[in-house]
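Chain A is the first sequence line, chain B the second, and so forth, proteins listed ahead of strands; every chain is numbered from 1. None of these values were measured; they are calculated from a predicted model.
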2 protein chains.
Amino acid sequence: MTGPQHPRRPATLASLAAELGVSRTTVSNAYNRPDQLSAPLRERVLEAARRLGYPGPDPVARSLRTRRAGAVGLLLTEALSYAFRDPGATGFLEGLALACEKAGTGLLLIPVSPEHSDVDSVYQAGVDGFVVYSVSEDDPHFRAVLQRPVPTVVCDQPTGITGVDRVGVDDRAGTLALGRHLVELGHRRVGVLCMRLSSHRHDGRADVARQEGSSYAVQRERLAGLRAALAEAGVDWADVPVIERFEHSLDAGADGAATLLDSHPGITALVCTSDILALGALREARDRGLRVPEDLSVAGFDGVPEAERVGLTTVRQPFREKGLEAGRLLLERGDRHVPEHVTLPTELIVGATTRELRQSGEFFSGW
Amino acid sequence: MTGPQHPRRPATLASLAAELGVSRTTVSNAYNRPDQLSAPLRERVLEAARRLGYPGPDPVARSLRTRRAGAVGLLLTEALSYAFRDPGATGFLEGLALACEKAGTGLLLIPVSPEHSDVDSVYQAGVDGFVVYSVSEDDPHFRAVLQRPVPTVVCDQPTGITGVDRVGVDDRAGTLALGRHLVELGHRRVGVLCMRLSSHRHDGRADVARQEGSSYAVQRERLAGLRAALAEAGVDWADVPVIERFEHSLDAGADGAATLLDSHPGITALVCTSDILALGALREARDRGLRVPEDLSVAGFDGVPEAERVGLTTVRQPFREKGLEAGRLLLERGDRHVPEHVTLPTELIVGATTRELRQSGEFFSGW
DNA sequence: TTGAAAGCGCTAACAT
DNA sequence: ATGTTAGCGCTTTCAA
């Protein structure tokens, strides 16, 4: 096969029209409204195009004219490349891509380099709308997206943005169910490992004020749900150690669990606000000879495939459906007067990493 | 926080200029060439922009004028959504995204719906170049990409397109090493399970003519490498059963393995041209009570994480690096006179699914 | 430092 | 069924 032989000066619609001695409209119609001209004429136009190597109307010029880009932009929290490693994000992407495919719309991934932190990429994106996936309330790229005069759909967070559609899951209900599960099993001394609570790096203990002031609604909600469940059992949340990790990785999970287990060796259950962190915690527990669930119960959140494989107790959320729904919200809503908020359900998955507390409580009276 | 309050008629650069009583050039310069006007004037412009809700120059209009879209298009074989489930593809995407981030370039995923098989999406894409990931030689979308007057980089296949850069891996060397490994272990009766050889569905035996006529160079190469290794041991390739599966999934792998094991119960080793297929084959072997590697050796190709986890013997290829390299080829080459071809190495990973053939050969004299 | 003029390539009224 | 006329919103010589 032979590749492209692009002439110096690519043919344009106008040059084609001139060549053929017809008007530009006719050429345009040949591509966009085949019914507006006779079949023979159309064939003549297309033939000439082939001969001159005219690849059809320039997409950018057409977009300018029609005010349609035929693409939606996707803004992700982290560096773009991270998204392809995060199982939750890939699930979401799969759903969103599916929706785009159905609509014949392109999906433009907005580059968010950690290096040049300029917000230009958002202003440069030729798109008909944006999907924003789980970013901080104070994310500068997100602020830039809001400036753009195109519809926007937020997934997960931030919440409470007026005039913007949102799709999320019931995080609070998820950890509420998870917390009750642990309470039923007899756990009272619970430790928590959570994801970043602010866009500034902070690794370590997060007190209640920090939790409540987090710029990440998802984490706030998950902590609140757990808190509510423990409150039902009379556990004072202020006594529950919450360790925060900025990074979201197995290593961060292991490291965070180590910190928690060192400072609070008496905990009987460790709740992580993500499966990735929980999987890391599992590794750390194993590394220090703790048996799960005999010596320590561990739970996560998300229901990613890897968690399912190892039988992690977790809260499953429908990533793919979130993506589909976000796409639907952006692409299929003709009437977008009233912002729509969609909250999908979560489901407690009881795995093999949580177990009833054996009655050794008499050995410890407190922390 | 408050969302967007977009006026009916969004402000334009011209309207801003009029409002301020300056020329359009000045407003344009305020954004694009800050050094071309006084700081106070620039501030006045930006302030007015803020006040009027002007989000900065329209990206599409700018692209038309500058002839730069600030994005590269990505064309994938399968439906877009499939790519996020295929571990090889996500690895590649991660690398490519990384390269795009570094360059501040967007990555536009081209929708290739199985439903509307129109090639429009390719012509509609406002991009400065294309990356094509592993498509068939006769893929209509790929043909469309070649029409577009922008640089293109092909990953893996098709090969032999003149005037187009390409990055791939040494597939043939990979299966050659794998084949020799099996030969050394004493295997002579080998069965093969390969991915689709044409863009038309075909499930079943693929004879040599079909193999050699495949429109997928990667499969051709992998089969050729294995063939060469077996030839060294005097095995006639025409006797080696090659089963083809159109779908690329665990189920297809299991199903293909079943077909192969039913028709050729005497094989001692099963080579799959992808890990996904091999993992499916492993499942099938287990389901029918075959022990791997005691009763059957199984090998794959790709080196995806899941394969590593289960200790599959395979050929590892650097997906991420392929993506990075593709991005580099497209984005960092000022001089693109001579098409560049990059071939990355593969590496044989001997796992726990292949083993020396125990000497029970006397029971079988042939197939 | 600022402004005027000339398109980038195309589509969509509105004619004819 | 085909052509004429106006821009879409912007950047970029070039001149002031």
Enquirer: Rounding to an integer number of Å, can you tell me how far A:D35 CG sits from C:dA12 P?
Expert: 13 Å
Enquirer: Which listed nucleotide (D:dG3, D:dT12, D:dC10) is nearest to the side chain of A:S23?
Expert: D:dG3
Enquirer: Which part of the nucleic acid, if any, lies within contact of B:R67, taking any heavy atom under 4.0 Å across all strands shown: a base, the sugar-phosphate backbone alone, or nothing?
Expert: sugar-phosphate
Enquirer: Between B:Y133 and B:K322, what is the shortest heavy-atom contact and its length?
Expert: OH-NZ, 4.3 Å
Enquirer: Assess the residue pair B:K102 and B:E332 against the criterion (salt bridge (charged side-chain N to carboxylate O under 4.0 Å, His left out)); give the C-alpha distance rounded to whole Å, side-chain angles, the decisive distance to 0.1 Å, and a yes or no.
Expert: CA-CA 10 Å; B:K102 221 176 331 184; B:E332 291 177 21; 5.1 Å; no
Enquirer: Please walk me through it: do A:R328 and A:D165 pass salt bridge (charged side-chain N to carboxylate O under 4.0 Å, His left out)?
Expert: CA-CA 11 Å; A:R328 193 189 66 75; A:D165 287 354; over 6 Å; no
Enquirer: So, is A:R42 close to the D:dA1 phosphate, meaning a side-chain N or O under 4.0 Å from OP1 or OP2?
Expert: no
Enquirer: For A:G126 and B:V60, which heavy atoms make the closest approach, and how far apart are they?
Expert: CA-CG2, 4.1 Å
Enquirer: Check the distance between C:dT11's C1' and A:D58's CG and give it to me in whole angstrom.
Expert: 13 Å
Enquirer: Between atom OH in B:Y31 and atom P in D:dT11, what is the gap in whole Å?
Expert: 10 Å
Enquirer: Across the strands shown, which category fits A:R68 at heavy-atom distances under 4.0 angstrom: base, sugar-phosphate, nothing?
Expert: nothing
Enquirer: I want to check one thing: is the phosphate of D:dG3, taken as OP1 and OP2, less than 4.0 Å away from some side-chain N or O of A:T26?
Expert: yes
Enquirer: Is A:L64 touching bases, backbone alone, or none of the nucleic acid, heavy atoms closer than 4.0 Å?
Expert: base
Enquirer: On DNA chain D, compare the nucleotides closest to A:N29 and B:P59; which residue's is nearer the 5' end?
Expert: A:N29
Enquirer: Write down the distance between CZ (B:R44) and C1' (C:dT1), rounded to a whole number of angstrom.
Expert: 14 Å
Enquirer: From CZ of B:R24 over to P of C:dA5, roughly how many Å is that when rounded to an integer?
Expert: 10 Å
Enquirer: Scan B:T25 against the nucleic acid and name what it touches under 4.0 Å (heavy atoms): base, sugar-phosphate only, or nothing.
Expert: base
Enquirer: Would you indicate, yes or no, if C:dT11 has its OP1 or OP2 atom less than 4.0 angstrom from a side-chain nitrogen or oxygen of A:R62?
Expert: yes
Enquirer: Using whole Å, what does the distance between atom P of nucleotide C:dT2 and atom CG of B:L20 come to?
Expert: 12 Å
Enquirer: Whole angstrom is fine here: how far is it from CZ in B:R65 over to C1' in C:dC8?
Expert: 6 Å
Enquirer: Among D:dT11, D:dC10, C:dT2, which nucleotide has an atom closest to any side-chain atom of B:Q36?
Expert: C:dT2
Enquirer: Can you see if the side chain of A:S28 gets near the phosphate of C:dT11 - specifically, an N or O under 4.0 Å from OP1 or OP2?
Expert: yes
Enquirer: Under 4.0 Å, heavy atoms only, any strand: does A:Y54 hit a base, just the sugar-phosphate, or nothing?
Expert: sugar-phosphate
Enquirer: With a 4.5 Å cut-off on side-chain heavy atoms, are A:D138 and A:S199 touching?
Expert: yes
Enquirer: How would you label the contact of B:V60 with the nucleic acid (heavy atoms, under 4.0 Å): base, sugar-phosphate, or nothing?
Expert: nothing
Enquirer: Nearest whole Å is fine: how far is C:dA13 C1' from A:N32 CG?
Expert: 15 Å
Enquirer: Closest nucleotide of DNA chain C for A:V27 versus for B:L41: which of these residues is on the 5' side?
Expert: B:L41
Enquirer: Verify the contact: side-chain N or O of B:S63 to OP1 or OP2 of C:dC8, cut-off strictly under 4.0 Å; return yes or no.
Expert: no
Enquirer: Looking only at heavy atoms, what is the nearest atom pair of A:S134 and A:T77, with distance?
Expert: O-OG1, 2.7 Å
